[in-house]
**Student:** 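Provided herewith is a single structure, encoded as structure tokens, for subsequent inquiry.
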Number of protein chains: 4
Amino acid sequence: MPPKTADQFEEMRVNAKGRIVTAALKLMANNGYHATSIAQIAREAGVSKGLMYNYFSTKEGLLVAIVDQAMATGLEMANHMATLPDPALKIKFIIEFSFQWFTHNAEYARMLLALSLKVGMFPQMQAVVEAKIQGATTFYESLFRDMGYDDPLSEAFLLGATLDGLALQYLSVGDKMGLDKMKQTLIDKYCKPL
Amino acid sequence: MPPKTADQFEEMRVNAKGRIVTAALKLMANNGYHATSIAQIAREAGVSKGLMYNYFSTKEGLLVAIVDQAMATGLEMANHMATLPDPALKIKFIIEFSFQWFTHNAEYARMLLALSLKVGMFPQMQAVVEAKIQGATTFYESLFRDMGYDDPLSEAFLLGATLDGLALQYLSVGDKMGLDKMKQTLIDKYCKPL
Amino acid sequence: MPPKTADQFEEMRVNAKGRIVTAALKLMANNGYHATSIAQIAREAGVSKGLMYNYFSTKEGLLVAIVDQAMATGLEMANHMATLPDPALKIKFIIEFSFQWFTHNAEYARMLLALSLKVGMFPQMQAVVEAKIQGATTFYESLFRDMGYDDPLSEAFLLGATLDGLALQYLSVGDKMGLDKMKQTLIDKYCKPL
Amino acid sequence: MPPKTADQFEEMRVNAKGRIVTAALKLMANNGYHATSIAQIAREAGVSKGLMYNYFSTKEGLLVAIVDQAMATGLEMANHMATLPDPALKIKFIIEFSFQWFTHNAEYARMLLALSLKVGMFPQMQAVVEAKIQGATTFYESLFRDMGYDDPLSEAFLLGATLDGLALQYLSVGDKMGLDKMKQTLIDKYCKPL
DNA sequence: TATGAATGAGCATTCATTCAT
DNA sequence: AATGAATGAATGCTCATTCAT
């Protein structure tokens with residue numbers, strides 16, 4: 001047996017850690033944070049319960065890692081959006097992407113929304129989340145400015161809040177409002193030339 | 001004939017029940033429903049765990065009592081609104097009342113928002129909440145119709161979602177957005193003649 | 001053994017103690033001792049929980065009272081049997097009465113049988129039960145002697161055990177054995193002239 | 001690869017599981033299923049409450065394990081019996097073994113008897129127990145058929161019931177009946193040529 | 001790095017019993 | 001003799017976390 005290189009160990013570590021995060025993400029997205037036990041995650045990841053505590057000191061630590069991973073989704077959206085030619089299309093894309101996302105990742109969205117209400121309890125997360133919102137808002141603002149809005153910052157906040165609120169209502173009472181029509185109304189509102 | 005009078009018993013009941021509800025409200029608002037245990041509530045209320053089950057058959061039953069109490073706030077708003085002369089003023093009042101309410105009852109609002117994300121877990125509550133939302137939406141719709149909006153139902157949903165979303169963001173990251181300005185923007189948007 | 005007078009029955013109905021015992025008997029017979037709560041008994045008897053402790057110092061005390069009452073059933077059988085002309089008919093009657101009783105008072109029988117297995121835990125009851133068995137056995141023995149059996153005492157024990165055993169099996173797995181046929185077999189065995 | 005070897009883990013499991021079953025058996029036999037708490041069993045086994053749920057998913061599961069173990073005793077009897085040359089001897093052996101068993105395993109027998117009265121409450125067990133009884137009865141029937149009885153099935157049931165009934169009486173009031181004589185009477189009854 | 005047996009505090013709920021009146 | 005609010009210990013069960021190896 002040749003001695004393992006530091007690289008190999010590192011790769012294993014990353015592997016196990018990655019498998020754990022992936023498993024936790026999947027389970028928590030489907031069932032929520034409280035309803036997902038460490039034992040389930042370990043089983044899903046094909047790893048022992050004990051090992052999880054080598055990488056994450058608590059269940060909450062795992063949660064933070066998951067939220068980090070969730071940010072990747074935002075990135076994906078941003079990348080695609082960069083290819084679109086004008087601000088109206090970009091906003092249209094944001095709206096459509098949001099609806100698509102929270103309807104197709106309902107439990108995940110539910111978890112993140114619930115989490116955001118407890119954000120004060122997780123100081124580590126607070127900063128990350130705030131930076132994210134800040135970034136998004138600044139970007140939305142620039143879009144609204146390009147479109148010639150009077151108060152692009154307020155519009156940016158409002159659009160963000162409205163999308164969050166729609167997700168919230170969808171997740172609590174389902175599609176009572178006619179989501180497709182709602183989406184169209186929103187697009188009409190924001191993407192027409194002023 | 002009874003060794004304690006009916007009045008005495010009634011007083012005891014009202015007293016104890018009130019203490020329990022108050023304690024439960026305070027704790028659940030601060031920590032959430034799941035993170036609040038029956039034992040904590042009993043301790044805070046200065047009452048034995050067992051007694052709670054004289055008044056509420058389950059933990060969920062206690063929750064329902066609290067939410068019912070919350071509904072009273074909505075009634076208060078509705079009653080005041082009825083005295084206002086025209087739809088634009090009514091909508092203005094709704095917006096102002098909402099901002100006022102979620103900033104001055106932050107922990108309460110946090111609880112209700114978090115709860116709405118778990119509403120599927122509380123079958124007893126689902127129906128009550130949905131009926132309430134339905135009623136409010138219908139009323140908002142009539143206001144927008146009176147104001148001559150093309151699609152008053154969609155506008156009603158949108159306003160509700162936006163207010164929820166603003167509360168959500170306020171509760172998670174605080175007043176990063178300039179709530180007062182936001183409120184004005186919203187009022188301008190909705191209460192001007194078309 | 002005079003029959004109960006109408007006065008005695010009336011008194012029981014009016015009398016709180018009587019109502020409690022009657023209620024306890026009914027509930028425990030239907031649902032068993034453990035599954036019957038003091039609160040249920042009080043409700044059924046139309047009496048407060050507190051009052052029950054004026055008459056019975058514990059739930060077990062109530063149990064003893066019930067078993068006493070159960071003895072009345074045995075008396076009823078004895079009285080009827082006394083009118084029958086010969087030992088074979090008496091034994092036939094005992095057998096038929098037993099089958100009739102444990103099939104029509106299944107939960108009551110279940111409770112008494114279960115109780116007899118715990119008899120050591122209720123010293124008060126032990127003596128009563130033993131006296132009862134002793135009396136019955138002596139009587140059975142005299143019947144078998146009259147019928148000319150070699151070892152009437154053993155036959156008496158055996159018949160008692162067999163009837164208990166049949167009740168036990170009926171109560172645990174139901175009528176897998178064909179109770180009617182079983183009864184006939186038993187009658188043929190014991191009531192034919194030797 | 002594992003840091004404790006599989007063998008080590010296996011040994012721990014067997015050890016702990018055995019201690020739990022032993023403790024549960026002792027306590028339930030003495031006090032009954034309902035009167036024995038998980039906490040008591042854990043204390044008696046020198047194990048934490050939580051650990052019990054590594055091995056038995058519910059209290060009833062533990063019960064099933066105990067009853068399964070009891071079934072082994074029946075097997076022992078069956079195996080020995082198979083070596084006997086003729087049906088009369090086999091029946092004699094069954095009778096002697098039964099007496100031997102319930103007098104020397106009194107508390108165990110008490111538990112199983114009490115349990116059989118509650119079998120409806122344990123759906124898992126119902127089927128197992130019924131299958132076992134069915135098998136035994138069929139076998140007894142074949143013995144009585146070989147001995148030329150008219151109605152071997154009824155005789156099989158009757159013998160089973162009588163043995164159960166004798167155990168019941170022995171366990172509730174002790175050896176008032178002269179068990180040795182009783183055994184002889186029973187053997188005389190069943191094992192003589194017709 | 002990795003295991004999984006073991007822990008123990010915690011959970012919601014039940015119920016026989018007490019007690020001030 | 002009678003009430004029923006109040007108690008508190010107990011129940012079966014869960015699960016994040018620890019630890020010897």
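Values below: all heavy atoms of this structure, side chains included; hydrogens, waters and symmetry mates excluded. To find a chain, count down the sequence lines: A is the first, B the second, and so on, and within it residues start at 1.
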**Student:** Over how many whole Å does the gap from D/Met12 atom CE to E/dG4 atom C1' extend?
**Tutor:** 8 Å

**Student:** With sugar-phosphate meaning primed atoms plus P, OP1 and OP2, does B/Ile38 contact a base, only sugar-phosphate, or nothing at under 4.0 Å between heavy atoms?
**Tutor:** base

**Student:** Could you give the OH-to-P distance, from D/Tyr53 to E/dC11, as a whole number of Å?
**Tutor:** 17 Å

**Student:** Give the rounded distance in Å between these two atoms: CD of D/Gln8 and C1' of F/dA20.
**Tutor:** 9 Å

**Student:** For E/dA5, does OP1 or OP2 lie under 4.0 Å from any side-chain N or O of D/Arg13?
**Tutor:** yes

**Student:** Measuring from the side chain of D/Lys59 (C-beta onward, heavy atoms only), which nucleotide among F/dG12, F/dA5, E/dA12 has the closest atom?
**Tutor:** F/dG12

**Student:** Judged by each residue's nearest nucleotide on DNA chain F, which is more toward the 5′ side, B/Gly50 or D/Thr58?
**Tutor:** B/Gly50

**Student:** For C/Ala39 and for B/Glu60, find the nucleotide of DNA chain E with the closest heavy atom, then tell me which residue's nucleotide is more 5'.
**Tutor:** B/Glu60

**Student:** Here's a test of your reading of the structure: between A/Thr36 and D/Ser37, which maps to the more 5' nucleotide of DNA chain F?
**Tutor:** D/Ser37

**Student:** In whole angstrom, what separates B/Ile20's CD1 from E/dT13's P?
**Tutor:** 14 Å

**Student:** Using whole Å, report how far CZ of A/Arg19 lies from C1' of E/dT1.
**Tutor:** 12 Å

**Student:** Is there a donor-acceptor contact under 3.5 Å from the side chain of D/Lys118 to the main chain of C/Ala114?
**Tutor:** no

**Student:** Would you kindly give the CD-to-P distance between A/Gln40 and F/dT14, to the nearest whole Å?
**Tutor:** 12 Å

**Student:** In whole angstroms, how far is the P atom of E/dC19 from the CG atom of B/Asn54?
**Tutor:** 17 Å

**Student:** Take atom CZ of C/Phe56 and atom P of E/dC15, then tell me their distance rounded to the nearest Å.
**Tutor:** 20 Å

**Student:** Would you mind classifying the nucleic acid contact of B/Ala16 as base, sugar-phosphate or nothing, using non-hydrogen atoms under 4.0 angstrom?
**Tutor:** sugar-phosphate

**Student:** When you compare the side chains of A/Asn15 and A/Arg19, does any donor N or O come within less than 3.5 Å of an acceptor on the partner?
**Tutor:** no

**Student:** Find out whether B/Val119 and B/Glu130 are in side-chain contact, i.e. whether some heavy atom of one side chain is under 4.5 Å from a heavy atom of the other.
**Tutor:** no

**Student:** Under 3.5 Å, is there any donor-acceptor pair linking the side chain of A/Lys49 to the base of E/dT3?
**Tutor:** no

**Student:** Taking for each residue the nucleotide of DNA chain E with the nearest heavy atom, is it B/Tyr33 or D/Val47 whose nucleotide lies nearer the 5' end?
**Tutor:** D/Val47

**Student:** For F/dA20, give its Watson-Crick or G-U wobble partner with both distances under 3.5 Å, or none.
**Tutor:** E/dT3

**Student:** Applying a 4.0 Å non-hydrogen cut-off, can you work out what D/Tyr55 is touching in the nucleic acid: base, sugar-phosphate, or nothing?
**Tutor:** sugar-phosphate

**Student:** Would you say B/Phe122 and B/Val67 make side-chain contact, with heavy atoms under 4.5 Å?
**Tutor:** no

**Student:** Determine whether a donor-acceptor pair (N or O, by modelled atom type, separation under 3.5 Å) exists between the side chain of C/Arg110 and the backbone of C/Gly32.
**Tutor:** no

